[in-house]
There are 2 protein chains.
Amino acid sequence: MFELSKVYDRSRVPLYIQVASVMRRRIETKQWHPGQKIPTLVELEREFQVARVTVRQAVDILREEGLLRSQQGRGTFAAEKPVDRHWFKLATTWDVLIESIKNNVLKRIKVDNPPQFPTLREGEGELADSYVFLRSVQYKDAEPYGIVNLHLAKDIYKRAPDAFRQHPALTVIAERKDVDIQHAHQTVVIGSADPATSDLLQIALGAPTAECRCVLIDRNNVAIYIADIIYRSDAIQLHIDLLAHLRSSSGGRTKAARR
Amino acid sequence: MFELSKVYDRSRVPLYIQVASVMRRRIETKQWHPGQKIPTLVELEREFQVARVTVRQAVDILREEGLLRSQQGRGTFAAEKPVDRHWFKLATTWDVLIESIKNNVLKRIKVDNPPQFPTLREGEGELADSYVFLRSVQYKDAEPYGIVNLHLAKDIYKRAPDAFRQHPALTVIAERKDVDIQHAHQTVVIGSADPATSDLLQIALGAPTAECRCVLIDRNNVAIYIADIIYRSDAIQLHIDLLAHLRSSSGGRTKAARR
DNA sequence: CTCAATTTGTTCGTATGTATG
DNA sequence: ACATACATACGAACAAATTGA
C-alpha cells in the first residue's frame, strides 16, 4: 500500500513509533471506531510493509496508552472512549477572548532571569519604557495545556499590581477604564517543544505546539501587552467565521472601541 | 542544564534527533544569530548531557539541512540566512481568502476511490444530493505545501465543469453570480502526517500538519463546498485582528453578502 | 616560527535498541 | 524464540586544523 520504508529514510524516527502514531491517529479520528476490532496483525504487516514484531511493538505502545486492548484468539480492539482533543477554542475576537479567559485555571511560575524587554516585530508598535515579565501555566483537570510568557508595560502593571498577580492580565486590562487599546492581534504558528516547554507541558521534546503571540497596542502606538503563549497541539482548535465582518455590523460595545 | 535524558524516556525519539531539533529551533528563532559561532562540542555535550558523538550526529543533520557549517579548529557556525518559514498566511476573512487563492499553483491529483459524500459535523448544514470529489496539491517553488480534498455539490459543479477543472474552486464560486453563500467558515487544528500525506507533502510520517476544514453553506442550509486542506506545519501562519469587527463597520461589498 | 590551547574530526570498544525473516 | 544485521549511545583516546601568544 504505502512505501513506509522510504518514509522512514526521510524521518529517522524508529519505524514502530511511526506505525504507532498512524494507528493512534486512526483511533483518535475514529477511522477505527471505539470498540471496533482493528485489522489483524497480518493485515497490518501487509499495509505498513513491516515485520510482524514491528507491528506488535506499535500495538504495545498504544496498549500502554490505553487506546488498544488485545485478546488472544479474538483480535485487537480500539478503546471505547478515545480522549477528546481540541477542546480549547482559540478566540478570534476580543470579546470571545476575554470571555474564554475568565475560567482559566493558571499557576504563576517564578522566573529567575526574566528578559528585560520583549523583541517586537513589524506592526507591533514601539517599546514601552519598562516591562514586568510574568510566566504562568494553564491547567485543565490538573493537566497542563498552555504556557504564558507575558511582557506587561510596567506603568500598566503598577496601576493594580495585586490584581495582575492574582488574575489573568487580559481580564484585568479589559475591566479597567483607563487603558486605551488601539490594536489587538494574535499570530499563530506551529512550533515544537524545547526542553523547558516539554517539561512544563509534559509532552515529548520536539512534540508539536501552537505558538500564539498576542499583542495589545495603545493609542500612542506603544506595545503594552505582549504574550507568547505555547499550547500543546492536541488541546486547541481554531474556528473562523469568514463572513463575520459582514454580520456584526452593529458590533459589541467593547471598551476596546473607545478612542 | 536540562535533563534531556529523562525527556528521552518519555518520547522514544532518538536522542540525536531531539538534540538536533532543539538546535534547529535556536537557529530559526535566531537565538543563535546568523553567522555566529555556536557553543563548542564540549559545551553542548555538557548542556545536553550527551556524548560527543551524539552531538556530532545532531550537527551532521543540521549541516545537511544547510543550517550549520563547521570548520576544523575554528568552530561551528549558524547559517547566514535561515530559511523563511511560515510564509503562507491563512486567510481569516472571505475577501482575503479569495484574494490569496488567486495566485495558487496547484496540480490536480487523480483519485481512484473517491468518497461519495463528506461527513458533516455539527453546524455544517445538510448534505447536498450528490457531490464531486476533487484532490489537488499546492506548490511553491516546486515544493508541495498543501493538499486539498474537496467535496463540491454536483449541481454547482455542473454549472461550469471546465472552470472547476482548471481553476481553484473557490475562485470560480466567488466569481459566479448564481451561488448564494449564507455561511463560510474555517476550522484549524494541528494534526500529523499519515502515510499518504507524508508522501504527497514530502515530510516525515507523523510530522505536524495544519488541518483546515473550509465549509460553505448556501441559503437552503446545504453544504455546497467542503474542503479538507492539509498544510505542512512550517509553511503556514495565522494572523488574527481581534478588533476587526469594530473596524470594518462598512465592510467590503462581497458577493457573499447578497441574500 | 614555534608552541600550546582550542576546537572539530575520526576511531575503537562496548552495550543496548531496532528491524527483518 | 532465534539468528542476523544495522542503528543508537556512551566514553575515551587520538588526529588535524586554527588561533594567538
Side-chain angles (χ1 to χ4, degrees), chain A residues 1-24 39-65 70 72-73 195 198 204-207, chain B residues 1-24 26-27 32-33 35-80 195 198 204-207:
Chain A
M1 179 122 310
F2 298 110
E3 282 292 331
L4 205 65
S5 32
K6 283 183 187 164
V7 176
Y8 178 53
D9 289 344
R10 184 157 55 238
S11 76
R12 310 199 218 204
V13 172
L15 245 189
Y16 70 97
I17 295 177
Q18 296 188 40
V19 174
S21 41
V22 173
M23 290 170 60
R24 186 186 298 110
T40 66
L41 286 188
V42 185
E43 289 172 298
L44 292 170
E45 276 177 50
R46 256 205 302 277
E47 188 197 351
F48 291 116
Q49 296 281 311
V50 296
R52 175 69 144 269
V53 193
T54 308
V55 177
R56 288 210 52 79
Q57 281 173 295
V59 172
D60 285 343
I61 291 181
L62 299 176
R63 247 208 318 255
E64 279 173 33
E65 294 178 11
S70 336
Q72 214 173 83
S198 74
L205 186 61
Chain B
M1 184 118 311
F2 297 112
E3 280 295 331
L4 207 64
S5 32
K6 283 183 188 162
V7 177
Y8 176 54
D9 288 345
R10 183 156 55 238
S11 74
R12 307 202 216 203
V13 172
L15 245 190
Y16 70 96
I17 294 177
Q18 297 188 39
V19 173
S21 40
V22 173
M23 291 171 60
R24 185 185 299 108
R26 291 191 184 166
I27 298 168
W32 288 345
H33 292 102
Q36 183 194 340
K37 181 174 179 299
I38 74 168
T40 67
L41 293 186
V42 184
E43 289 172 297
L44 292 171
E45 279 177 48
R46 256 204 303 276
E47 188 196 350
F48 292 118
Q49 297 280 313
V50 298
R52 173 68 147 272
V53 193
T54 308
V55 178
R56 286 203 49 75
Q57 280 174 293
V59 171
D60 284 343
I61 291 180
L62 300 176
R63 248 208 315 254
E64 278 173 34
E65 293 178 11
L67 288 169
L68 286 180
R69 292 174 300 113
S70 20
Q71 206 174 338
Q72 200 172 120
R74 288 231 302 148
T76 306
F77 301 82
E80 294 296 339
S198 74
L205 187 61

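Below, chains carry the letters A, B, ... as their sequence lines are ordered, and counting in each starts from 1.
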Euclidean distance, atom [atom1] of residue [X] to atom [atom2] of [N] [Å, nearest integer]:
X     : N      : atom1 : atom2 : value
B/Y16 : D/dG11 : OH    : P     : 18 Å
B/Q49 : D/dA9  : CD    : C1'   : 14 Å
B/E45 : D/dA9  : CD    : P     : 15 Å
A/L44 : C/dT20 : CG    : P     : 14 Å
B/L15 : D/dG11 : CG    : P     : 11 Å
B/I17 : C/dG17 : CD1   : P     : 17 Å

Determine whether B/I38 and B/L44 satisfy the following criterion, side chain to side chain contact (heavy atoms under 4.5 Å, CB included), listing intermediate values before the conclusion. CA-CA 9 Å; B/I38 74 168; B/L44 292 171; 4.3 Å; yes

Of all residues at least two apart in sequence or in a different chain, which pass the side-chain contact (heavy atoms from CB on, under 4.5 Å) check with A/E43?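 Once residues adjacent in sequence are excluded, the partners of A/E43 under the side-chain contact (heavy atoms from CB on, under 4.5 Å) criterion are A/P39, A/T40, A/R46.
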
What does nucleotides 8-13 of chain C look like as a protein-contact string, B for base, S for sugar-phosphate only, - for none, at under 4.0 angstrom between heavy atoms? BBB---

Test log, rule side chain to side chain contact (heavy atoms under 4.5 Å, CB included), inputs B/F48 and B/Q18: CA-CA 10 Å; B/F48 292 118; B/Q18 297 188 39; over 6 Å; no

Got a second to check how far B/R56's CZ is from B/R63's CZ, nearest 0.5 Å?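 Answer rounded to 0.5 Å: 5.5 Å.
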
Could you grab the distance from atom CD of A/E64 to atom CD1 of A/I61, nearest 0.5 Å is fine?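 Nearest 0.5 Å value for the CD-CD1 distance: 7.5 Å.
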
Between B/R69 and B/E80, is the side chain to side chain contact (heavy atoms under 4.5 Å, CB included) condition met? List the steps. CA-CA 10 Å; B/R69 292 174 300 113; B/E80 294 296 339; 4.2 Å; yes

Which nucleotide, in any strand shown, forms a Watson-Crick or G-U wobble pair with D/dA1, with both distances under 3.5 Å? none

